[in-house]
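Before any comments, here is the structure.
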Amino acid sequence: MATNRVQQWATFARTWWIYDAKWQCPRQSAPVLIKYLQGKHKPIYHPNSDIGDHVVVINTKHIAMEGEYWRTWKFSHHTGYPGGFSQTRAYDAHDADPTMVMKKFVYSSMKGTLFRRLCMQRLHLFPEEELPEDILRNVSSQIQQVMPVPKRLDEFSAEERKAFPQLFEWPKDYIMETGQKKSTEES
Amino acid sequence: MPSRVTPSSYLRNVLQNGVGRYVCQLQRVTLSFCKSTNPSRGARDFIENHLLEFTRNNPGVVIYLDPKRHHSPKLCVEYLNGRTETMSIDRYPAEDICQWLDHFRTRSGVQINRLRKNWHTDTPSIQGTWTPATNRPTSWNVTEFPCQEISRRLPDKETATERILSAAKALREGSPTNAAIGKETEL
């Protein structure tokens with residue numbers, strides 16, 4: 001009888017997962033994270049039982065949004081009073097709180113059931129890589145990132161850059177296009 | 001839990017010996033309706049055409065008719081065990097009211113509950129119950145989190161940079177057979 005009781009504790013124990021959000025898209029990361037928050041990765045999952053795990057997300061300040069979404073994605077809010085509607089662009093929200101964009105995407109990708117607030121309480125967001133000691137001590141598993149992180153040019157060594165094959169030579173009188181928009185002050 | 005959910009309970013035994021003669025548990029029916037408005041039309045139709053037949057067949061059931069001006073029609077039934085149930089028959093045709101009244105007449109008056117069952121098996125799993133440690137890589141027991149190797153997602157296909165580097169390597173070694181990009185640069 002006593003072993004049954006301990007078996008129950010072992011089966012329903014909550015695991016702490018860590019997720020590195022560096023250069024990861026929050027829109028694609030959210031459905032991966034909510035799977036762990038709601039406990040859908042467990043074979044004992046049932047929608048009426050609260051068996052989700054804890055997820056610690058680090059580097060939320062260094063997330064990457066697709067395309068023009070930093071500028072075009074807006075978070076809406078209504079205070080409830082007349083004229084209380086406001087919209088914030090993603091980069092503004094990210095400036096105000098580096099964990100806010102990730103939190104909003106995870107919250108909105110979950111269904112609005114009574115368990116959503118409980119799941120959000122088990123999501124721990126940190127803007128940088130540093131974690132409090134008491135949280136890091138709990139972490140025992142890691143979630144794989146959703147997209148590969150490319151290597152930046154300054155991360156290659158000088159030898160590697162020198163050894164990279166030159167495919168063609170630029171003409172002497174070629175004017176390089178930087179790809180940036182021309183400033184309106186000139187015109 | 002929201003109050004609209006059907007209440008749940010475990011199956012219980014009736015604490016009486018044997019089964020006695022049949023006693024109709026429905027004692028009293030109050031049909032409130034409006035004499036003029038349209039939602040009560042089916043109720044008025046029922047009173048004109050079907051009510052007397054019902055009273056003739058069920059002499060043990062008292063029926064009160066309660067005209068209320070401009071109210072939606074309601075059916076209020078009282079049982080021998082003291083419970084009362086109210087049901088709106090707004091815009092119901094007379095045939096539906098007949099069927100619902102028959103449903104209330106044949107019921108025992110006990111509240112309808114969702115039955116709950118304890119999980120039990122006579123043949124427990126030989127593998128053992130699932131725990132979070134089941135099917136988890138054992139190398140994670142000695143890994144320090146966050147771990148770059150577990151977190152990183154590798155690109156699905158060969159990247160363009162890797163293709164150029166491999167083509168250049170093949171060119172330098174003098175076997176440009178598999179270097180498609182190398183051929184173009186030669187021309």
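The chains referred to below are lettered A, B, ... by the order of the sequence lines, with proteins before strands, and numbering in each begins at 1.
B:Pro146 pairs in a side chain to side chain contact (heavy atoms under 4.5 Å, CB included) with only one of the listed residues (A:Asp20, A:Val139, A:Leu136), which is A:Leu136.
A:Thr15 touches chain B through its side chain: at least one heavy atom from C-beta onward sits under 4.5 Å away, while N, CA, C and O do not. Looking at A:Trp9, there are no atoms closer than 4.5 Å to chain B (heavy atoms on both sides), in backbone or side chain. Within the 4.5 angstrom heavy-atom criterion, no atom of A:Leu131 approaches chain B.
Annotation: side chain of A:Ser141 is in contact with side chain of B:Arg136 (closest heavy-atom distance under 4.5 Å). Proximity of A:Gln7 to B:Thr131: side-chain heavy atoms (C-beta onward) are separated by under 4.5 Å at one or more points. Residues A:Pro165 and B:Arg172 form a side-chain contact, since some pair of their non-hydrogen atoms from C-beta on lies under 4.5 Å apart.
Looking at A:Gln144 and B:Arg153, their side chains do bring a donor and an acceptor atom within 3.5 Å of each other.
Atom NZ of A:Lys40 is surrounded by 12 or fewer heavy atoms from other residues, nucleotides or ligands within 6.0 Å. Remark: B:Leu154 CG is packed, more than 12 non-hydrogen atoms of other residues, nucleotides or ligands lying under 6.0 Å away. More than 12 heavy atoms of other residues, nucleotides or ligands shown are found within 6.0 angstrom of CZ on A:Arg116. Counting non-hydrogen atoms of neighbouring residues, nucleotides and ligands closer than 6.0 angstrom, the CD atom of B:Gln127 reaches no more than 12 such neighbours. Annotation for A:Glu169: atom CD does not count as buried by contact number, only 12 or fewer foreign heavy atoms lying within 6.0 Å. Heavy-atom neighbours of B:Tyr10 OH from other residues, nucleotides or ligands within 6.0 Å: above the threshold of 12. Summarising the local packing, CH2 of A:Trp70 is surrounded by more than 12 heavy atoms from other residues, nucleotides or ligands at distances under 6.0 Å. By the neighbour-count criterion of 12 heavy atoms within 6.0 Å, atom CZ of A:Arg161 is densely surrounded, having more than that number from other residues, nucleotides or ligands.
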(message) Please evaluate residues A:Ser140 and B:Trp140 with respect to the criterion side chain to side chain contact (heavy atoms under 4.5 Å, CB included), reporting the C-alpha separation (whole Å), side-chain torsions for both, the decisive distance (0.1 Å), and the verdict.
(response) CA-CA 8 Å; A:Ser140 62; B:Trp140 288 14; over 6 Å; no
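When B:Thr129, B:Thr134, B:Asn141 are compared by the number of non-hydrogen pairs under 4.5 Å with chain A, B:Thr129 comes out ahead. Each of A:Ile143, A:Val146, A:Ile58 has some count of heavy-atom pairs under 4.5 Å with chain B, and the biggest count is that of A:Val146. Chain B forms the most heavy-atom pairs under 4.5 Å with one residue out of A:Lys22, A:Glu129, A:Met147, and that residue is A:Met147.
Going from atom CZ of A:Phe164 over to atom OG1 of B:Thr161 covers 5.5 Å, rounded to the nearest 0.5 Å. In this structure, CG on A:Asn59 lies 9.5 Å from OG on B:Ser151, to the nearest 0.5 angstrom. For the atom pair CD of A:Glu160 and CG of B:Leu165, the computed distance is 9.0 Å after rounding to the nearest 0.5 Å. Between B:Glu144 atom CD and A:Gln142 atom CD the span is 12.0 Å, to the nearest 0.5 Å.
A continuous path of hydrophobic side-chain contacts links A:Leu125 to A:Leu37 [ILVMFWY only; heavy atoms under 4.5 Å]. Hydrophobic clustering, with ILVMFWY side chains joined whenever heavy atoms are under 4.5 angstrom apart, groups A:Phe105 together with A:Trp17.
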